[in-house]
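Quick caveat: nothing in here was measured; it's all calculated off a predicted structure. Numbering of ligands and ligand atoms starts at 1, following listing order. The first residue of the sequence shown is numbered 1, and numbering continues consecutively from there.
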Amino acid sequence: MEIYSQRREKLFSLLGDGAAIIPSGVEKIKSFDTGYPFRQDSNFNYLTGFEEPESLLVFCPQNPEGKTALFLRPKDKLAEMWEGRRMGLDKAKEVLGVDLVFSIHELDKKLPELLENHSKLYLDLFSNRPLVDKALRYLTKLAGRKKSKIISPQNLINLPPLIGSMRLRKDATEIENIKKAAEISGKAHLAAMAFAGHEKNEYEVQALMEYIFKKEGSQGSAYQSIVAGGNNANVLHYINNNEVLKKDDLLLIDAGCEVNLYASDITRTFPIGGRFSAEQKEVYQIVLEAQKKALSQSKIGNTLTHNHDAATEVLVQGLLDLKVLKGTLSEHLEKQSFKDYWPHGTGHWLGLDVHDNSPYVNEEKSDIVFEEGMIFTIEPGLYLPAEDSNVPEKLRGIGIRIEDDVLITNNGHEILTHHAPKEIEAVEEACQKNYRDFL
Ligand SMILES: [Mn+2]
């Protein structure tokens, strides 16, 4: 709990005399009266460690009774019998280390009082409209009391970038969680390589991996698994995962689990029949080399753009060598005329969110520079759709991406997803193993 209170102190220093409200995640209906599994909001978790829905954290540094307040569900014997235990107000105050606790049912009454005498209010302005509307109603009420000498917030400021900047550098516990998630995901990818084969279905491979995610102690997938055989790999967010695999195709799998809400994000591409064909090998080597080039840029002082430029140069030269593109490297780089085959970025921040909600540029609009403790992905790919007549015939239908999770260290970087092989020989070897050894 110490770590959460340190984070709150850090956020206070960024808020100055402003107040802030951070709501928990919301339970979402799947159909009629059945819900999706609840997932706590990442920022709320980052600042409290509290797992329950229907909660709201308030920073109110000008409030004389206490500068942090938590609204949460009160104890309720009947509700708890149906839906599960609640921490309750008294225990929450003791365990979570906040100054004040209130029932969530008192929100309309208490929250406006807590916001008094703050000149500005920080909250998520862009992805939680009901909260913004509610806050505006409270502030309208406060602003109406003109003779009361209460200062009421006159400025609304978007909060997530502030917390996002704190979340850029991971502390030891966060790194440990991501490492654990990466290790479990790596094991699932190894099992998938051993298991996949001719006439198996994509969903069988998905089910095996997600079984391993849970069995090994993660809470499950960090994002929807992509299990894409053959030409399906050329649909970047292919999540249907319901087609039959063919032995001469490749299988692209982008799947990772989360541990204590921290994500891992791995992509591997391997031959369903166990051996790469000459053409598949050729394309694979280009993507692998691009990935290594980007990795070599991953050190303190560089940026994600260094990684992207390094990977792009290798990929575009590869597209020229494969005769998918014609012309010169420099003209394609200048015109960015490779996007049909290399359409996405090389990486993103990784953390509580798989695409971690942290800034990519600073206030001067220049790239965020790598510092020790930052974690991101490196995921170059080449996509050569079966339908594209500009692609040499023997290459059509090949789609390859290789993705690792990378931690910046004081002397370079550490690859957190090293458990899943990516060298051609090691991948082919993994395809020969017995998947039962991973269960
Ligand atoms: Mn990714």
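With Ser337 contributing its side chain and Lys335 its backbone, the two residues share no donor-acceptor pair below 3.5 Å. Under a 3.5 Å cut-off, the side chain of Thr34 and the backbone N or O of Lys30 do not form any donor-acceptor pair.
Between Asp404 and Arg268 a salt bridge is recorded (basic side-chain N to carboxylate O distance below 4.0 Å). Using a 4.0 Å cut-off between a side-chain N of Lys or Arg and a carboxylate O of Asp or Glu, Arg137 and Asp133 do not qualify as a salt bridge.
The N, O or S atom of Glu379 with the smallest distance to the Mn ion (ligand 1) is OE2. The Mn ion (ligand 1) lies closest to atom NE2 when only the N/O/S atoms of His348 are considered.
With the Mn ion (ligand 1) as the vertex, atom OE2 of Glu403 and atom OD2 of Asp265 span an angle of 90° (nearest 10 degrees).
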